[in-house]
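Here the structure comes first, spelled out in structure tokens, and everything after it is commentary.
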Amino acid sequence: MVEVSRYRRGRTARLLTAVSAGGLVLAFAVTTPAARPAMPAGRQVTGPQAPRTAVPPTVPATASQAPQGAAAAGQQALVTQYCVTCHNDRVKSGNLVLDPKDLTHVAAQAELWELVIRKLNAGLMPPQGVPRPPDETLRGFRMWLGDELDRAAAASPNPGRPMLHRLNRTEYANAIGDLFHVDVDAAALLPPDDSAFGFDNVSDVLGVSPSLQERYLTAAGRIAAMAVGDVGIRPGSTTFRVPQDLSQNQHVDGMPLGTIGGMRTRHFFPVDGEYDFQTKLYRTNLNIVRGLEYPSEFEVAIDGKPVHRVTIGGADDLAAMFEKPTDTGDAVDARMRVKVAVPAGTHDVSVSFVGNLPVMDAQRLQLFLRSSADNFDWSGRPHIQTVTITGPFAVTGPGDSASRREIFTCTPKGGRTDRAAETACAKQILSRLASRAYRRPIGDGEMRPIMQFYTEGRDRGSFEAGVQRGIERMLASPLFIFRVEQDPPGAVPGRPYRISDVELASRLSFFLWSSIPDEELLQVASRGRLRDEAVLTQQVTRMLADTRADALVSNFAGQWLQLRNVRSVQPNSDMFPDFDDNLRRGFRRETEMLFASIVRENRSVLDLLTADYTFVNERLARHYGMPNVYGSHYRRVKVTDEARRGILGHGSILAVTSHAERTSPVLRGKWVLENLLGQPVPPPPEDVPQLTAPSQDAPKTLRQQMELHRATPVCASCHKVMDPIGFAFENFDAVGAWRTREAGGPIDTSGQLADGTKIDGISDLRKTILARPELFVGTMAEKLLIYALGRGVEATDRPVLRQIVRDAERDGYRFSSLVFSIVRSAPFQMRVPAAPDDKAPVKQTAAR
């Protein structure tokens, strides 16, 4: 039976189901742990077993407990004169009702007044066209509200209570890689995760279903066999697909020098044995293999060393192709297939063509940059479609892989006949792995079910089979799959307390690495030293310098900036014939490398908007019109065009905010509001008509069409905020190329923002955002906090965010200052105990 209790405020939702696979039955029983025995008087307790006491709230000595009457009266008069006319019980403009009397106790309605602060920050209140107080008066009101809310938060901190957090697919794969040095395809093992607040690590949507539990059990068995090197592992296959619109008439970045087209991947081979490599080529809609006009030398390489070469194409293959296209295509594919002995472990596998001059000369005659497989042209260079790796066959042994070296750190001294020595060695191995997998020191009670499975595996086979079975049990445990935090004995419901050091270590590693703590971090936490400020600073600095911090680029930036969506960009090929997957990859790589440089070099996060450098290869530079950049590798270059500075000029952002056939000022404006300025945009009404294609008498430019659309009152309220921002991008087309004319006339990029500021073009928009850097930095801090906590930001978190921005300002808005402020904050280091009927720590049992 599996019962998983998920923490929710006010109630607890339980999921009860049964899971059984291969004799493995796990029970996640929800119980209340027995209280720890009291410590003898006078004994000093340190480390993870030290009792965690509630931390009394700290109130600054200068903080008053209530707003000053005179100040509150002045703000009441302001709200009465300028706000109540629209925001009253009768009109309820924006579904917002303000009562000036509430200003005497702002903290009692923190959510309401935090919303007002956000509206004031955006310049939306009061709206243009109605009486407005001077800007300085509005700024003073906004700051007064913030001070009152911050004062109340300092007097009564509320860090919140995160829900029980399941590892998402990325975290699961990273944890397996860090534990066993095994690269697993999480997408093949587990279903995709839902997302909320822009991220897929938010605990509220990381649910559990019976089918998902079955997948976890299957994955545990498969991974254990791969990691140990089970010589009885069944052959399996993995297929890698090359995008159809990847131009393969040039060298692909990351491929061996001297090769053309193809693909490269890292693949884990579980044991020593033979593996089958089958490569197939794209064919036209007449089933004719492309690129057989000239002979081409095909190559398969492992770790850069060729293991198979064959020539395809030329006069004979070309003649046979037109007589029997299907048979000839199959015969060509068969010649490219090879079975190779590969040692166990992770290896680089590449398939490509060795460059030859006749084909390269023919490619220079092409009209367009794009030379992809969906052109349905039989001439040119062959295009690889899929590579399938199948095996193992003819297994010769488990091999000497990094995973086996990580697992088998001891060898039983007495051989197969000394079961006691084997058991002692197995316990040493499994307890070390379990401590890392469960992210904390392991006791005998938690080791007992693992050792039971070891014994079962040993009785059925060998010592290694027993260890494999123990690892399988470990990976199927809720203590691995869930990030469990338990309230200490004596915790008072509603009163915050500091989480333990090992829980803090887990929060740190999943925030910065999207994975489990390493041994150094876990050891520091186990000794109770992580709460020391100097030690915490040293560990965070070390973790940011580690290559695993690249997870901040792929996972955090990839979701915040929507870079993951770049792979889905599919412009109309008739309107943008040069667009291909090479450019698509370049878009994403450029923005990822810029973000990585800000993290690695600890630069100001404002450089995301102002950077006078970027990263391009020849293909991307040609798209941007940057001269003197050659080759497929990416390099740092100076940006001389003001419009291209920072992410607002990156093709990745411009493409994901466009439609297939045209730009979208609405999507671009919405993207800026939500991701850079922290202003959520409500979804459009269901009956909003779509823009129609311009007829002979209709407006020709997109701006003119949008003006007609905005004439509808129900549309105007949102579009007058989004559209001026989006129009500032109109010099960039749907794939991010620069343009100056549309529909035969010059492009108009001018507009007026919601606060009355007039802009003209992308440079003006950038300067306007930078005029109030705290808005952009505050939005980035909010996104980072959501990502770090795995939950949405609430009104009680807003004072923390304002403090993070103030701290960052003193440090020049450096990236590390945001990270350190989040790590030191109450929401990250503390939690609030649930009421007695709303908490149910997870305990595990096992049976067969």
Side-chain angles (χ1 to χ4, degrees), residues 167-179 181-190 192-202 206 240 243 253-254 263-268 346 348 507-518 540 543-569 581 584-603 605 607-608 611 614-615 617 620 634 647 650-653 655-656 671 675 780 783-790 815-816 818-819 822:
L167 302 191
N168 68 14
R169 197 161 65 175
T170 299
E171 294 167 340
Y172 183 90
N174 289 345
I176 295 299
D178 287 343
L179 274 173
H181 305 293
V182 173
D183 294 328
V184 298
D185 182 5
L189 295 173
L190 301 172
D193 300 299
D194 292 328
S195 63
F197 306 102
F199 297 98
D200 62 6
N201 68 339
V202 174
L206 291 173
F240 304 92
D253 185 47
M263 62 160 291
R264 172 178 172 267
T265 187
R266 288 181 62 79
H267 185 70
F268 182 81
T346 301
D348 285 327
R507 287 193 181 189
L508 266 179
S509 64
F510 281 104
F511 171 29
L512 301 180
W513 291 347
S514 294
S515 187
I516 58 176
D518 62 2
V540 172
M543 295 175 73
L544 284 173
D546 194 282
T547 56
R548 282 169 287 191
D550 288 341
L552 289 169
V553 179
S554 58
N555 294 333
F556 170 69
Q559 295 181 85
W560 169 40
L561 301 177
Q562 299 178 9
L563 302 181
R564 290 184 177 182
N565 296 345
V566 173
R567 61 190 173 194
S568 301
V569 170
D581 192 63
R584 186 185 292 111
R585 295 181 183 187
F587 283 170
R588 179 168 178 171
R589 185 79 178 275
E590 175 192 23
T591 308
E592 287 180 339
M593 293 182 74
L594 175 64
F595 190 90
S597 72
I598 290 172
V599 174
R600 296 291 179 204
E601 300 168 24
N602 195 22
R603 302 175 69 93
V605 297
D607 285 358
L608 283 170
T614 192
F615 299 85
N617 64 358
L620 185 57
Y634 291 82
I647 59 176
H650 281 201
S652 59
I653 307 303
V656 298
W671 186 90
N675 295 290
M780 183 175 180
K783 301 295 184 180
L784 264 175
L785 189 63
I786 293 171
Y787 181 78
L789 299 178
F815 180 81
S816 65
L818 294 180
V819 172
I822 288 174

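Please read all numbers here as calculations on a predicted model, not as lab measurements. Just so it is clear, the values below take in all heavy atoms, side chains as well, and ignore hydrogens, waters and symmetry mates.
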Q | Heavy-atom side-chain contact between D546 and L512 under 4.5 Å | A | no

(Q) To the closest 0.5 Å, what do you measure between CZ (R600) and CG (L544)? (A) 8.0 Å

Q | Partners passing ring-ring contact (aromatic ring centres under 6.0 Å, His included) against Y634 (at least two apart in sequence or in another chain) | A | none

Q) In Å and rounded to the nearest 0.5 Å, what is the OG to CG distance from S195 to L206? A) 9.5 Å

(Q) Is it the case that the side chain of D581 and the backbone of R584 share a donor-acceptor pair, with hydrogens and angles ignored and the cut-off at 3.5 Å? (A) no

Q) Taking all non-hydrogen atoms of both residues, which atom of F268 and which atom of D183 are closest, and how far apart? A) CB-O, 3.8 Å

Q. Say you draw a straight line from CE of M780 to CG of L785; how long is it, rounded to the nearest 0.5 Å?
A. 13.0 Å

Q.
Side chains of R548 and D518, heavy atoms from C-beta outward: is any pair under 4.5 Å?
A. yes

Q) For R169 and L190, which heavy atoms make the closest approach, and how far apart are they? A) NH1-O, 3.0 Å

Q | Heavy-atom check, side chain of I516 versus side chain of F510, under 4.5 Å | A | yes

Q.
Between N201 and Y787 (side chain of the first, backbone of the second, donor and acceptor by atom type, cut-off under 3.5 Å), is there such a pair?
A. yes

Q. Among N174, D200, D194, D193, which one satisfies side chain to side chain donor-acceptor pair (under 3.5 Å) with N168?
A. D200

Q. Within a strict 4.5 Å, meaning less than it, do heavy atoms of the F587 and V569 side chains meet?
A. no

Q: Any chance you could measure S515, atom OG, to L179, atom CG, to the nearest 0.5 Å?
A: 7.5 Å

**Q.** Closest heavy-atom pair and its distance - Q562, V656
**A.** O-CG1, 4.0 Å

**Q.** Straight-line distance of N675 CG to Q559 CD, nearest 0.5 Å
**A.** 11.5 Å

Q: Could you tell me whether the side chain of R588 and the main chain of R567 form a donor-acceptor pair under 3.5 Å?
A: no

Q.
Which heavy atom of H181 sits nearest to which heavy atom of T346, and what is that distance?
A. O-OG1, 4.0 Å

Q) Can you tell me if R564 and N555 form a side-chain donor-acceptor pair at under 3.5 Å? A) yes

Q | Nearest atoms (heavy-atom pairs only) where F511 meets A788 | A | CD1-CB, 3.5 Å

(Q) Show the nearest heavy-atom pair for residues A549 and W513, with the distance to one decimal. (A) N-CD1, 3.5 Å

**Q.** Test log, rule side-chain contact (heavy atoms from CB on, under 4.5 Å), inputs K783 and F199
**A.** CA-CA 9 Å; K783 301 295 184 180; F199 297 98; 4.1 Å; yes

Q) Got F595 and L608 here, is their nearest side-chain heavy-atom distance under 4.5 Å? A) yes

Q: Check step by step if side-chain contact (heavy atoms from CB on, under 4.5 Å) holds for I653 and L563.
A: CA-CA 8 Å; I653 307 303; L563 302 181; 4.2 Å; yes

Q) Is R589 close to N617 at the side-chain level, that is, under 4.5 Å between some pair of heavy atoms? A) no

Q: Output all residues satisfying ring-ring contact (aromatic ring centres under 6.0 Å, His included) with W560, sequence neighbours left out; order by chain, then residue number.
A: F556

Q) Taking it one step at a time, do V599 and V819 satisfy side-chain contact (heavy atoms from CB on, under 4.5 Å)? A) CA-CA 10 Å; V599 174; V819 172; over 6 Å; no

Q) Atom CD1 of I786 and atom CZ of F197: how far apart are they, to the nearest 0.5 Å? A) 7.0 Å

